[in-house]
Amino acid sequence: MLLDDWITEFDRGLRSMTGVSRMTRPMPLPAGSADSASVERVEMTAQERAHAAGLMRVNHVGEVCAQALYQAQKLATRSPALKQAFEHAAREEEDHLAWTAKRLEALDSRPSLLNPLWYAGALAIGFAAGRFGDRVSLGFMAETERQVEHHLDGHMETLPAGDYESRAIVEQMRADEAAHGKAAMDAGGVELPFPARALMRAASKIMTTTAYRI
Ligand SMILES: [Fe+2]
Ligand SMILES: [Fe+2]
């Protein structure tokens, strides 16, 4: 790993936590809207807005963690092909990060105050997974993406029906996460044993319940 690479990753980490991520793809819009000005909007109650913001904050934290996980994996692997695959996924995760941050702003809310903590935790977990070698590392990413995808399914059920904009974002994210998970398995990821999967679910439960509020 060259010094340049470390600087790039450090910069990415800082941007993740401070919410100034760049999007390379525009914000997903509800079907039928040509641009954000023409989006059909339904007036939401204060409670609905707060709920939508809570969910989008959870998603934003998830993306902060995704940045850290993919960074750690990239630094851990020696395979140039794998590095590139992780880089590609991380790039898409950065879109997710930027979209959810923007949506939070539109909902008059803010990202989690604990982002540095989530980021550091995910980085540590990512490095730990990386120590088991590429195939476990890939299996870990695949399982992570699967859990996120499942989690986003849940959000589609509970997001306010009229919050078309958050829904459009979550839907695109779900499609991307599914593709990331598949790519990780196709690249040789192994199925993780049940205790590892259960532990991951428990950790994400703590994260999601906390980030909904703080
Ligand atoms: Fe994502
Ligand atoms: Fe992903």
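Note that ligands are numbered from 1 as they come in the structure, with each ligand's atoms numbered from 1 the same way. All values derive from a computational prediction rather than experimental measurement.
Take the Fe ion (ligand 2) as the corner point: the lines to OE2 of Glu93 and to ND1 of His180 open at 90°, to the nearest 10 degrees.
Using modelled atom types, one side-chain atom of Gln67 and one backbone atom of Ala90 make a donor-acceptor pair closer than 3.5 Å.
Residue contact annotation: Glu145 places an N/O/S atom under 2.8 Å from the Fe ion (ligand 2). Using a cut-off of 2.8 Å, one finds that Glu63 contributes an N/O/S atom close to the Fe ion (ligand 1). Contact annotation: Glu177 places an N, O or S atom under 2.8 Å from the Fe ion (ligand 1).
Here the N, O or S atom of His96 that is nearest to the Fe ion (ligand 1) is ND1.
In the hydrophobic clustering of this structure, Met200 does not group with Trp118; members are Ile, Leu, Val, Met, Phe, Trp, Tyr whose side-chain heavy atoms approach within less than 4.5 Å, directly or through other members. Trp99 and Val148 fall within a single hydrophobic cluster, where Ile, Leu, Val, Met, Phe, Trp and Tyr side chains are chained together by heavy-atom contacts under 4.5 Å.
Considering all non-hydrogen atoms of both residues, Pro28 and Gln172 come closest at CG-CB, 3.7 Å.
Defined by atom type and a distance below 3.5 Å, a donor-acceptor pair is present between the side-chain atoms of Gln147 and Glu143.
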